[in-house]
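Bear in mind that the values here come from a model prediction, so they are computed numbers and not experimental data. Indexing begins at 1, ligand by ligand and atom by atom, following the structure's order. Just so it is clear, the values below take in all heavy atoms, side chains as well, and ignore hydrogens, waters and symmetry mates.
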Amino acid sequence: MARAHQGPAGQDGDDLLDLLDTLDIDDGTPDGSAPMPLDELAVLARSLMDQHGLHDWAFAWDRAVRRAGATRWKSRTISLSKPLMLRFPREDARDTVLHEVAHALVGHRHGHDATWKAKAAEIGARPQRCFDASIAQVDGDWTGTCPRGHTHSRHRAPKHAVVSCGLCAPKKFDRRYRLTWTWRGVAVLTPGSRVELVGDDAWRGSRGRVTKLLDTRYAVTLDSGRRLHVPFDLAASARR
Ligand SMILES: [Zn+2]
Ligand SMILES: [Zn+2]
């Protein structure tokens, strides 16, 4: 597990509270919807964990995008999603910490049951709100757009590049509503497409065929038989 940001090491609760004061953290009343800087949030998380007796628990960041925080009882770690915390209003970030603190305090068997809810309410978390589910979806790098304009966001390359819009054709594939894909805004060709490499290197001008979409690149087999992984913007559609 990544433990790069555990907050200031070796400081006790009082030092951290002093630090909180100097950082001018609004530690109670929600104000505004601007996200909290991550270093501030790490200090706040450590402080809230200590306030509730989780002195021997570690704080960490993670890269999750489908849930805001996680509690790991085995390693005694509470982690928060960096990508989501960069987007959450500060009151929601604070609430996420308390949500996880409540999980840590009552134990994993309780999930989001009445015991957890009571603890969450007791420590000031909003018990009705659970960020474990994907409340705030971060848009993925991949966007599929149907001819009628619906967009579908993905974090990974689509397993099946040829799919139709689930809104226009909910039951089965319908080629009239095929999605066209972009990766970070760059149009992505479907596997089978002929391509010419346009990078500024020895492969420039080589032609071949896209065999697969990887998360950030094409797998291309050149006409010479050579196989390459090519960034999406370095392969242009070719007629033949
Ligand atoms: Zn939860
Ligand atoms: Zn559609």
Side-chain angles (χ1 to χ4, degrees), residues 1 30 36 41-42 44-46 48-49 51-54 57-85 87-140 142-154 158-183 185 187-188 190:
M1 134 159 329
M36 194 182 295
L41 179 53
L44 175 63
R46 184 67 262 168
L48 289 170
M49 288 164 71
Q51 268 176 45
H52 295 290
L54 299 176
W57 281 61
F59 172 74
W61 293 109
D62 64 50
R63 304 278 320 156
V65 291
R66 298 188 187 284
R67 48 115 188 107
T71 303
R72 295 185 177 84
W73 289 269
K74 222 171 169 182
S75 60
R76 297 172 94 76
T77 304
I78 284 176
S79 65
L80 297 178
S81 154
K82 245 187 200 182
L84 286 181
M85 290 304 121
R87 292 160 188 249
F88 269 32
R90 60 172 53 214
E91 60 179 292
D92 289 349
R94 182 176 186 279
D95 196 58
T96 303
V97 175
L98 291 172
H99 180 114
E100 303 305 333
V101 167
H103 276 310
L105 291 174
V106 300
H108 66 97
R109 283 183 307 114
H110 286 286
H112 298 110
D113 71 2
T115 304
W116 175 83
K117 280 200 176 89
K119 180 57 77 180
E122 182 194 318
I123 67 172
R126 284 169 288 185
Q128 77 280 10
R129 201 157 173 191
C130 180
F131 290 108
D132 293 353
S134 51
I135 272 184
Q137 279 260 348
V138 174
D139 285 346
W142 288 84
T143 306
T145 307
C146 85
R148 290 159 91 185
H150 300 124
T151 59
H152 303 266
S153 183
R154 298 273 185 285
K159 273 214 179 64
H160 306 285
V162 184
V163 288
S164 51
C165 176
L167 298 169
C168 295
K171 295 229 169 79
K172 60 184 172 84
F173 176 75
D174 185 330
R175 59 182 308 108
R176 288 174 300 168
Y177 304 117
R178 242 182 80 171
L179 300 183
T180 52
W181 292 98
T182 59
W183 180 82
V188 172
T190 38

The atom name of the N, O or S atom in H99 nearest to the Zn ion (ligand 1) is NE2

Taken in chain and number order and not counting sequence neighbours, the residues that satisfy ring-ring contact (aromatic ring centres under 6.0 Å, His included) with H108 are W73

Protein-side N, O or S atoms sitting under 2.8 Å from the Zn ion (ligand 2) are C146 SG, H150 ND1, C165 SG, C168 SG

Inset, instruction - Applying side chain to side chain contact (heavy atoms under 4.5 Å, CB included), run through F59 and V97 and close with a yes or a no. - result: CA-CA 10 Å; F59 172 74; V97 175; 5.7 Å; no

Ring centres under 6.0 Å, that's the criterion: do H110 and H103 meet it? no

Item to check | Worked verdict on H152 versus W181 for ring-ring contact (aromatic ring centres under 6.0 Å, His included) | outcome: CA-CA 9 Å; H152 303 266; W181 292 98; 7.8 Å; no

Those residues at least two apart in sequence (or on a different chain) that pass side chain to side chain contact (heavy atoms under 4.5 Å, CB included) with A169 are S164, D174, Y177

Sorted by chain and number, sequence neighbours left out, side chain to side chain contact (heavy atoms under 4.5 Å, CB included) with R109 holds for none

